[in-house]
**Q** 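Sharing a structure below in structure tokens format, with a few things to ask.
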Amino acid sequence: MLRSRLYLLAAAVLWSTAGAAVKLSSLSAWQLASGRSLIAALVLALAIPSGRKLPSRRGLLAALAYAATVVSFIIANKLTTSANAIFLQDTAPLYVLLLSPLVLRERPSRGELAAVPVFLLGLSLFFLDQLNPGQFWGNVIALGSGVAFALCILGLRAVGEEGSSVLVWGNLIAGFSVLLPALGGPSPTALDLGLLVFLGVFQLGLAYTLFQRGLRETPAVEASLLILLEPVLNPVWTFLFTGERPGPWALVGGAIILLATAWRTLLGSRGGEAPPAGETRAS
């Protein structure tokens with residue numbers, strides 16, 4: 001369904017603003033991670049009353065994966081380069097491809113299997129001229145963020161309508177899990193507070209709401225590929241707000257991912273709705 005795929009692409013656009021916002025903020029990783037998640041939890045709980053319900057055991061597991069994703073991504077951005085953090089987190093489609101048949105009983109179609117190397121080729125080219133060693137633990141945490149993100153995608157796809165509860169409680173878990181170290185960080189400036197509100201309301205709260213809605217009617221593998229629009233747009237915002245210019249390979253890789261995203265979006269919209277999680281599809 002085209003609308004569900006547009007939800008996913010809109011989520012990727014909002015997610016892509018994180019790199020620039022983190023670079024512009026003087027707050028610590030703990031403060032950013034805790035602040036944006038608590039703000040997102042409050043906004044989501046007010047906007048979606050059904051999200052206040054306690055999640056089931058399966059929903060709680062998805063909430064934990066979500067919390068691990070959003071916290072580790074912010075920490076990775078502070079410990080290594082933004083390019084490293086995004087590249088390593090966006091290895092998630094590989095894990096989704098491997099785990100989707102086991103967790104969701106969703107068998108990837110031939111088109112999705114063919115799309116994976118195209119997206120990954122574009123992603124690799126995109127960071128060929130800017131990926132650098134960075135800091136070891138930052139890279140390790142970013143890689144862990146990719147695994148957590150894959151589990152988050154699978155979890156949200158599995159719980160269906162319970163996704164709102166996963167988002168509210170996942171943000172609460174994320175916010176309170178790092179609240180103690182966040183209290184010892186630097187005093188926020190007016191810019192820091194504005195960035196926190198933006199990150200919590202739009203970059204996290206609204207983005208994951210759109211993602212969760214789009215994921216209801218889109219297979220997990222397909223969704224994990226479409227949101228690779230995020231690493232394409234991230235350096236655009238970074239360039240506009242911090243002056244960090246992407247290299248020529250980034251432009252080539254970005255063009256490949258944009259074309260592949262358009263291809264999968266239009267192809268998916270012609271194929272009708274995806275089956276509910278737990279049902280396999282013909283290849």
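Every heavy atom of this structure was used, including side-chain atoms; hydrogens, water molecules and symmetry mates were not.
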**Q** Indicate the atoms forming the closest heavy-atom contact of Leu167 with Gln212, along with that distance.
**A**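 Minimum heavy-atom contact is CD1-CB, 4.1 Å.
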**Q** Quick one: CG on Leu27 to CG on Leu193, what's the gap to the nearest 0.5 Å?
**A**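 Leu27 atom CG to Leu193 atom CG measures 7.5 Å (nearest 0.5 Å).
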**Q** So, Ser145 and Gln89: side-chain donor and acceptor under 3.5 Å apart, yes or no?
**A**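 A pair is found: one side chain offers a donor N or O, the other an acceptor, under 3.5 Å apart.
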**Q** Would a single hydrophobic cluster contain both Trp237 and Val201, if residues Ile, Leu, Val, Met, Phe, Trp and Tyr are joined by side-chain heavy-atom contacts under 4.5 Å?
**A**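 In one cluster with Val201: Trp237, no.
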**Q** State whether Glu161 and Arg216 are salt-bridged, where the test is any N-O pair (Lys NZ or Arg NE/NH1/NH2 against Asp/Glu carboxylate O) under 4.0 Å.
**A**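 Yes, Glu161 and Arg216 are salt-bridged.
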**Q** With a 4.5 Å cut-off on side-chain heavy atoms, are Glu222 and Arg5 touching?
**A**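 Yes, their side chains come closer than 4.5 Å.
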**Q** Is there a continuous path of hydrophobic side-chain contacts, each under 4.5 Å between heavy atoms, that joins Val103 to Leu98?
**A**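 Val103 and Leu98: separate clusters.
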**Q** Output the distance between atom OG (Ser165) and atom CD1 (Ile48), rounded to the nearest 0.5 Å.
**A**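 It is 9.5 Å, given to the nearest 0.5 Å.
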**Q** Atom NZ of Lys78 and atom CD1 of Ile141: how far apart are they, to the nearest 0.5 Å?
**A**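 Going from the NZ atom of Lys78 to the CD1 atom of Ile141 covers 13.5 Å.
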**Q** Same cluster or not: are Ile173 and Ile74 linked, directly or through other Ile, Leu, Val, Met, Phe, Trp or Tyr residues, by side-chain heavy atoms under 4.5 angstrom apart?
**A**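 Shared cluster, no.
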**Q** Quick check on Tyr95: does its OH atom have over 12 non-hydrogen neighbours (other residues, nucleotides or ligands) under 6.0 Å away?
**A**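 More than 12 heavy atoms, drawn from other residues, nucleotides or ligands, come within 6.0 Å of this atom.
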**Q** Starting from Val166, can I reach Leu61 by hopping between I/L/V/M/F/W/Y residues whose side chains sit under 4.5 Å apart?
**A**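 The answer is no; the residues belong to distinct hydrophobic clusters.
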**Q** side-chain contact (heavy atoms from CB on, under 4.5 Å) between Ser25 and Leu191: does it pass, once the steps are laid out?
**A** CA-CA 7 Å; Ser25 177; Leu191 175 61; over 6 Å; no
**Q** I need the full list of ring-ring contact (aromatic ring centres under 6.0 Å, His included) pairs touching residues 138-170, with sequence neighbours left out, sorted by first then second residue.
**A**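 Passing the test, one end in residues 138-170: Trp15-Phe149.
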**Q** Is the shortest heavy-atom distance from the side chain of Lys53 to the side chain of Ser164 under 4.5 Å?
**A**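 No, every pair of side-chain atoms sits at 4.5 Å or beyond.
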**Q** Any non-hydrogen side-chain atom of Leu38 less than 4.5 Å from a side-chain atom of Phe176?
**A**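 Touching, per the 4.5 Å side-chain cut-off.
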**Q** So which heavy atom on Gly200 is nearest to which on Ile39, and how close?
**A**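 Smallest interatomic distance, heavy atoms only, reads CA-CG2, 3.9 Å.
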**Q** Are the side chains of Glu162 and Ser56 in touch, meaning some heavy atoms are under 4.5 Å apart?
**A**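 Side chain of Glu162 against side chain of Ser56, heavy atoms only: contact under 4.5 Å found.
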**Q** How long is the gap from CZ on Arg157 to CG on Leu104, to the nearest 0.5 Å?
**A**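 Going from CZ on Arg157 over to CG on Leu104, the span is 7.0 Å.
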**Q** Is Trp30 linked to Leu24 within one hydrophobic cluster, defined over Ile, Leu, Val, Met, Phe, Trp and Tyr using a side-chain heavy-atom separation of less than 4.5 Å?
**A**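 Cluster IDs for Trp30 and Leu24 match.
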**Q** Report yes or no: does Thr69 contribute a side-chain atom to a donor-acceptor pair with the main-chain N or O of Ala148 at less than 3.5 Å?
**A**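 A pair under 3.5 Å: yes.
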**Q** What heavy-atom pair brings Thr218 and Gly214 nearest, and what distance separates the two atoms?
**A**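 Closest approach of Thr218 to Gly214: OG1-O, 2.8 Å.
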**Q** Using 0.5 Å steps for rounding, measure from the CG atom of Leu79 to the OG atom of Ser72.
**A**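 Those atoms lie 11.0 Å apart.
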**Q** Return the minimal non-hydrogen interatomic distance between Leu199 and Ala18, and the atom names on each side.
**A**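 Of all heavy-atom pairs spanning Leu199 and Ala18, the closest is CD2-CA, 4.3 Å.
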**Q** Can you give me the closest heavy-atom contact between Ala12 and Leu229, atom names plus distance?
**A**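 Smallest interatomic distance, heavy atoms only, reads CB-CB, 4.0 Å.
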**Q** Would you say that Leu196 contacts Asp192 through its side chain, given a criterion of any heavy-atom pair below 4.5 Å between the two side chains?
**A**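 When only atoms from C-beta onward are counted, Asp192 and Leu196 do not touch, as no gap falls below 4.5 Å.
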**Q** Can you measure from CG (Leu225) to CG (Leu8) and round to the nearest 0.5 angstrom?
**A**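 Going from CG on Leu225 over to CG on Leu8, the span is 11.0 Å.
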**Q** Just wondering, do Ile227 and Ile153 contact through their side chains at under 4.5 Å, heavy atoms?
**A**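 Contact flag for Ile153/Ile227 side chains = yes.
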**Q** Restricting to side chain to side chain contact (heavy atoms under 4.5 Å, CB included), what partner residues turn up for Val168, sequence neighbours left out?
**A**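 For Val168 the side chain to side chain contact (heavy atoms under 4.5 Å, CB included) partners, ignoring immediate neighbours, are Leu44, Ala45, Leu172.
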**Q** State, to 0.1 Å, how close Ala11 and Ala207 come at their nearest heavy-atom pair, and which atoms those are.
**A**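 What the structure gives for the nearest pair is CB-O, 3.2 Å.
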**Q** Considering only heavy atoms from C-beta outward, does the side chain of Ser16 approach that of Glu230 to under 4.5 Å?
**A**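 Yes, their side chains come closer than 4.5 Å.
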**Q** Using side-chain contact (heavy atoms from CB on, under 4.5 Å), reason through Leu195 and Leu32 one step at a time and then give a plain yes or no.
**A** CA-CA 9 Å; Leu195 289 171; Leu32 287 169; 5.8 Å; no
**Q** Given the rule in the side-chain contact (heavy atoms from CB on, under 4.5 Å) test, do Tyr208 and Leu14 qualify, once you have shown the distances and angles that lead to the verdict?
**A** CA-CA 9 Å; Tyr208 266 100; Leu14 290 171; over 6 Å; no
**Q** Under 3.5 Å, is there a donor-acceptor pair between the Tyr66 and Asn171 side chains?
**A**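 On atom types as modelled, these side chains qualify, holding a pair under 3.5 Å.
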**Q** Just so I know, are the side chains of Phe202 and Val197 near enough to count as touching, which here means a heavy-atom distance under 4.5 Å?
**A**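 No, too far: nothing below the 4.5 Å cut-off.
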